[in-house]
Amino acid sequence: MSTAILEERPARRPADSLTIDETLAFLAEPREVAICGHVNPDGDSLGSALALAALLQAKGHRVTKLLARGEAAPKLYDFLADYDFIPATAYEGTPDLFVAVDLPNRERFGDAASVFDRSGDTLVIDHHPDYDGFGHHYLGDITASATGLIIWRLIAASGVPITRAMAEYCYVALVTDTGRFSFQNTTAEAHAAASEMMLAGVEPAVICTRIYDSKSLAALQLDERLISRIAFASDGRVVYSWVTEADFRELGVLRDETDGLPNILRSIEGSEVAILLREESGRIRVNLRAKGSCDVGEFARRFDGGGHKAAAGFTLNVTLDEAKTLVLEEANRLIC
Ligand SMILES: [Mn+2]
């Protein structure tokens with residue numbers, strides 16, 4: 001819980017990134033490839049893995065999509081084609097190439113770390129500002145709204161016929177990481193790419209209905225509990241709340257139904273930083289969201305976590321009450 005962790009990391013920045021053309025040249029020869037995103041995969045992580053898999057398969061590679069942790073990928077995205085991820089623990093192969101998508105450091109690899117270590121070669125494709133230099137090769141752009149947008153650039157430059165599925169994967173990555181094109185990371189390129197994806201067959205209303213308007217009643221009841229506990233700190237600039245393991249048990253809500261919880265807190269008028277504390281297997285997962293000029297990525301790195309300026313997170317090995325105290329102390333120090 002100090003800045004020392006950040007300072008120790010090698011200063012490898014996007015200046016060291018391969019170009020799109022160099023990456024395509026690197027991927028020219030068909031190989032055995034494993035692709036994996038981060039633990040607790042979100043729309044960008046899953047969409048990026050699916051899109052890259054589709055591109056590499058079109059180029060003749062043999063591809064396996066891995067889950068960093070757990071037995072099954074989130075149901076929320078199971079409307080996507082070829083949604084056949086396998087647990088990293090069930091994969092016994094030794095890939096020629098391992099591609100990590102949407103993660104800036106090894107810590108978020110979960111069970112996939114051992115596959116990564118035994119792979120012949122490794123490539124990281126990512127847009128996080130705190131990429132720590134892991135892996136043999138790196139294609140990164142911290143200005144990209146989503147990792148899926150970097151994959152879209154690869155697809156567009158590859159000469160491979162663009163399928164509707166490829167466009168849907170990248171659209172899911174983009175729409176989720178930009179909060180439906182509303183967060184600070186929403187760029188002109190994001191909108192332009194979304195237009196290209198629509199021309200390739202994406203129907204935004206269909207996809208957004210699946211992602212945002214297909215909630216279970218139990219998940220809405222969890223929202224209700226979260227809202228009932230909302231509290232403020234730092235003269236109202238910080239809003240926070242929490243959900244417990246008992247909530248999940250009593251309501252029967254699944255972990256992957258709760259991706260929208262931080263945004264409920266973020267939506268409150270006048271708040272600049274939203275903090276969600278979530279009990280998870282005896283630990284506390286903390287999700288941070290910022291609206292104004294606050295940098296919650298920096299906040300998260302003080303607790304050995306990571307993320308972007310506007311969205312970040314970390315995990316604490318303490319009780320819920322201890323976590324609240326620690327996090328609110330840090331929030332009070334936060335200068336925006
Ligand atoms: Mn991302």
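Counting starts at 1 for both ligands and their atoms, in listed order. Nothing here was measured: the structure is a model prediction, and the numbers come from that model.
Excluding waters, the set of protein N, O or S atoms lying under 2.8 Å from the Mn ion (ligand 1) comprises D44 OD2, D102 OD1, H127 NE2, D177 OD2.
Among residue pairs with one or both ends in residues 183-207, those qualifying as ring-ring contact (aromatic ring centres under 6.0 Å, His included) are F181-H191; sequence neighbours excluded.
Considering only residues two or more places apart in sequence or on other chains, R62 meets the side-chain hydrogen bond (donor to acceptor under 3.5 Å, both in side chains) condition with E32.
Between F109 and F98, the gap from one ring centroid to the other is short of 6.0 Å. Between Y83 and F85, a ring centre-to-centre spacing shorter than 6.0 Å is recorded.
At most 12 non-hydrogen atoms from other residues, nucleotides or ligands lie less than 6.0 angstrom from CZ of R283.
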List, one per line, each side-chain donor-acceptor pair under 3.5 Å for residues 47-54, sequence neighbours excluded.
unit_1: S48; atom_1: OG; unit_2: D44; atom_2: O; d: 2.7
unit_1: S48; atom_1: OG; unit_2: D44; atom_2: OD1; d: 3.1
unit_1: S48; atom_1: OG; unit_2: G148; atom_2: N; d: 3.0

